[in-house]
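So the structure is just underneath, and the comments pick up after that.
Keep in mind that the numbers below use all heavy atoms, side chains included, and drop hydrogens, waters and symmetry copies. Given the structure is predicted, the values throughout are model-derived calculations rather than measurements.
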Amino acid sequence: NSGGITDDQSLFNFYVHRASKTDPTAAPDGCDSVMVLVPCRTLLRDEQCANLPKAEAIELYKQQFTESMIETVRSAVFHRMGKIESLQDLEEHIVDEVVDTPVTWADQFNLAAGTPFALSTSWMKSSTPR
């Protein structure tokens, strides 16, 4: 399971924010700051992790958002954005990139299930299955 993302690269929505368009301090001169938010499921809670040291639990949770799954989603986003002529080579211009997943939120901010915006959420609450 790829966290709700399917093999069809057109079946999920994502949000794009270009902060540097309205705030020139958001990026160095001549550069842009772009954030892409892809809705995803929260971490599947594992009782085994409850009794592990935090670092070990986080390593187990990382298996839910593998590099392969992240790359699949990343590629799908660039594929979709590339439909806009001026964004076709966007990936070639990336200077710095940060990828956060629910594991990041769980690890850095001690958020249960890695969900920063609610007590809990589910894939069915996102716009994709509607």
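No side-chain donor-acceptor contact under 3.5 Å links Ser20 to the backbone of Asp23.
Side-chain atoms of Phe14 and Leu37, non-hydrogen and from C-beta on, never get closer than 4.5 Å to each other. The closest side-chain heavy-atom distance from Trp105 to Val103 is not below 4.5 Å. Taking 4.5 Å as the limit, every side-chain heavy atom of Ser86 sits out of range of all side-chain heavy atoms of Gln88. Under the 4.5 Å side-chain criterion, counting only non-hydrogen atoms from C-beta, Val99 is not in contact with Phe65. In this structure the side chain of His17 never reaches within 4.5 angstrom of the side chain of Val34, judged on heavy atoms. The shortest side-chain heavy-atom distance between Cys40 and Phe12 does not fall under the 4.5 Å cut-off.
Closest of all the heavy-atom pairs between Ile94 and Arg74 is CD1-NH2, 3.8 Å. Residue Ala106 comes nearest to Leu43 through the heavy atom pair CB-CD1, 3.8 Å, listed as atom of the first residue, atom of the second, then distance.
Residues passing the side chain to side chain contact (heavy atoms under 4.5 Å, CB included) test with Arg45, sequence neighbours excluded: Tyr61, Ala112, Ala113. Residues passing the ring-ring contact (aromatic ring centres under 6.0 Å, His included) test with Tyr15: none are found, sequence neighbours excluded.
By the rule that hydrophobic residues join a cluster once side-chain heavy atoms approach within less than 4.5 Å of another member, Val77 and Val16 end up as members of one cluster.
The existence of a salt bridge linking Asp107 and Lys54 is confirmed by a sub-4.0 Å separation between a basic side-chain nitrogen and an acidic carboxylate oxygen.
Partner of Leu87 under the side-chain contact (heavy atoms from CB on, under 4.5 Å) criterion, chosen from Met81, Arg80, His93: Met81.
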